[in-house]
Amino acid sequence: MTITSKILLSWYQENARILPWRISPKESILGKKPDPYKVWISEIMLQQTTVATVIPYFKSFVRKWNCIEKLSRANESEILAFWAGLGYYARARNLLKCAKVLAVQFGGKIPNNKEKLLSLPGIGEYTASAIRSIAFDEREIVIDGNVERIICRLFKIQKPIKQSKKNIRKCAFQLFPKLNCGDFAQALMDFANLVCKPKKPACMLCPISSSCQSFKFGLEKIIPTKQVI
Ligand code: SF4
């Protein structure tokens with residue numbers, strides 16, 4: 001594990017956001033495990049929707065449908081009515097289709113196998129990685145737009161993100177630890193939200209500024225770039 005990864009994990013211990021689908025770092029130390037059902041629902045809701053909007057929907061969703069079995073028996077019209085306000089209704093339709101497959105073919109459980117996850121309705125590469133990492137603590141390199149931004153800044157990647165995907169993945173591989181993968185993925189999400197923000201990164205408060213190449217060269221507000229600089 002790199003020093004930067006260690007620092008980010010310790011930062012997470014102190015600064016993790018409290019989210020209803022999440023096990024806090026303190027609970028995690030005590031051996032509590034995340035509920036894969038909640039992780040799955042949250043990841044689907046968080047596609048194209050902000051955390052703040054998702055929280056109340058998530059809470060009432062898991063109150064109403066508290067397990068895969070129950071969700072698999074819901075009507076599509078009921079789920080769609082619930083989904084009003086979240087938008088992107090294909091997610092809701094796929095969620096129900098997925099619950100039915102999980103109930104019939106997977107014994108009402110979320111599988112931790114990548115291929116099986118990818119075969120399920122509504123679960124693509126990012127969601128499969130996030131579920132494996134957060135719910136099962138498997139080593140996955142979970143990269144979304146926030147992680148791309150952090151990596152571009154840390155490693156001073158000066159080409160636009162679209163042209164740097166391979167390079168970003170290579171750098172992410174160095175950064176992601178082999179252990180504590182779920183906590184690390186969530187640490188990056190929180191760090192992106194609270195410190196390495198899109199427009200105004202809080203570099204003066206940043207615990208990893210000494211290893212940030214963009215900060216070193218005063219490029220943190222320019223990177224990620226839209227054009228090569
Ligand atoms: Fe992000 Fe600034 Fe920290 Fe670099 S120093 S990782 S740009 S917050």
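Whatever order the structure lists them in is the order used to number ligands and atoms, beginning at 1.
- Ionic pairing of Lys114 and Glu125 is present here: one or more N-O contacts between side-chain nitrogen and carboxylate oxygen are shorter than 4.0 angstrom.
- At the top of the distance list for atom 1 (Fe) of ligand 1, counting protein heavy atoms only, stands Cys196 SG, 2.4 Å.
- A salt bridge is absent between Glu220 and Arg153: the closest approach of a Lys/Arg side-chain nitrogen to an acidic carboxylate oxygen does not fall below 4.0 angstrom.
- Atom numbering of ligand 1 starts at 1 in the shown order; those under 4.0 Å from a heavy atom of Ser209 are 5 (S).
- Salt bridge status for Glu148 with Lys165: present, with a side-chain N to carboxylate O gap under 4.0 Å.
- Put simply, the side chain of Asp144 gets close to the backbone of Val147: a donor and an acceptor are under 3.5 Å apart.
- Within the cation-pi definition used here (under 6.0 Å to the ring centroid, within 45° of the axis), Arg139 qualifies as a partner of Phe173.
- Set against the non-hydrogen atoms of Glu220, the atoms of ligand 1 under 4.0 Å away are 7 (S).
- The nearest heavy-atom contact from the protein to atom 3 (Fe) of ligand 1 is Cys206 SG, 2.4 Å.
- In this structure, Lys156 is positioned above the aromatic face of Phe217, its NZ or CZ under 6.0 Å from the six-membered ring centre and within 45° of the axis.
- Proximity to Phe215 (heavy-atom distance under 4.0 Å) selects the following atoms of ligand 1: 5 (S).
- In summary, Cys212 places no N/O/S atom under 2.8 Å from atom 1 (Fe) of ligand 1, failing the contact criterion.
- The nearest protein atom to atom 2 (Fe) of ligand 1, hydrogens excluded, is given as Cys203 SG, 2.4 Å; this is a heavy-atom distance.
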